[in-house]
Amino acid sequence: MVAPIVMGVIAIVGALLGGVISERFGRRHTMIVSRLLVIALELPMFLYVSHERTVTSLVVMLAVLGLVGAPGAVTGVTAMSEIFPRQLRAAGISLAYALTVTIFGGTTQFVIAWLVGVTGNPLAPAYYVIASSVVSVIAMVMLRETRDAKI
């Protein structure tokens with residue numbers, strides 16, 4: 001029960017932090033830096049949890065990754081709404097969100113379980129997050145900045 005509560009608090013703090021940072025430095029930079037921090041911290045956090053194997057280590061991992069990941073995630077939602085033209089915004093956001101959740105949210109557990117089974121490596125989930133984050137950063141680099149866009 002502690003982990004979801006910590007994640008909820010971290011999400012609130014991260015959302016507020018993400019809003020402030022993205023208004024000051026831009027959507028694109030906030031998302032990219034946030035995701036790069038997740039890439040940098042993912043493996044050390046998984047190593048920490050696999051070594052310690054305590055509730056405390058799990059909560060610390062979730063808090064650290066949540067705190068660096070939440071600002072980018074919140075900013076991503078804002079950037080998505082600013083990317084689509086006004087007349088396509090609702091449909092564009094809905095479709096992008098639904099496809100992402102369906103493809104990744106619906107298959108990630110199976111892919112991770114398969115990766116752990118095939119490799120025998122309990123760190124496979126960290127590598128999966130790192131790989132998907134690299135793809136995300138590449139996509140973010142190609143986005144135009146939307147902070148000062150007239151929407």
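The residues of the chain are indexed from 1 along the displayed sequence.
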Can any side-chain N or O of R53 pair as donor or acceptor with the backbone N or O of S50 at less than 3.5 Å? yes
Do L58 and M61 touch side chain to side chain, with heavy atoms closer than 4.5 Å? yes
With side chains defined as the heavy atoms from C-beta onward, is the minimum distance between S22 and T78 less than 4.5 Å? no
Drop me the distance from Y97's OH to T102's OG1, to the nearest 0.5 angstrom. 9.5 Å
Heavy-atom check, side chain of R144 versus side chain of R28, under 4.5 Å: no
To the nearest 0.5 Å, how far apart are OH in Y127 and OG in S132? 14.5 Å
Any idea which heavy atoms bring I93 and S81 closest together, and the distance? CD1-CA, 3.5 Å
If hydrophobic clusters are built from ILVMFWY residues whose side chains come within less than 4.5 Å, do L62 and V74 share one? no
Any heavy-atom pair between the side chains of V38 and V129 that's under 4.5 Å? yes
Validation row: L47, L123 side chains within 4.5 angstrom (heavy atoms): yes
Just how far is it from atom CH2 of W114 to atom OH of Y128, taken to the nearest 0.5 Å? 11.5 Å
When every non-hydrogen atom of A15 is compared with those of A70, the smallest separation belongs to N-CB, 4.5 Å
Which heavy atom of L43 sits nearest to which heavy atom of A126, and what is that distance? CD1-CB, 4.2 Å
Output yes when a side-chain donor or acceptor of E52 lies under 3.5 Å from a complementary backbone atom of S57, and no otherwise. no
Cluster link I130 to I32, ILVMFWY, side chain under 4.5 Å: yes
Atom CG in L37, atom CD in E42: separation rounded to 0.5 Å? 12.0 Å
Is L143 close to M31 at the side-chain level, that is, under 4.5 Å between some pair of heavy atoms? yes
Co-membership, hydrophobic cluster, residues L36 and V141, 4.5 Å side-chain: yes
Joint cluster assignment, V68 & V6, ILVMFWY side-chain distance < 4.5 Å: no
If only atom types and distance count, is the side chain of T30 paired as donor or acceptor with the main-chain N or O of G72 below 3.5 Å? no
Taking only Lys NZ, Arg NE, NH1 and NH2, and the carboxylate oxygens of Asp or Glu, determine whether R27 and E82 approach each other closer than 4.0 Å. yes
Would you say that I138 contacts V134 through its side chain, given a criterion of any heavy-atom pair below 4.5 Å between the two side chains? yes
Let me confirm one number: the CG-CD1 distance from L88 to I83, rounded to the nearest 0.5 Å. 13.0 Å
Pair S136, R35: side-chain N/O donor-acceptor within cut-off below 3.5 Å: no
Is there a path of hydrophobic side-chain contacts, each under 4.5 Å between heavy atoms, that joins I21 and L16? no
Separation between CD1 of I10 and CD1 of I5, rounded to the nearest 0.5 Å: 12.5 Å
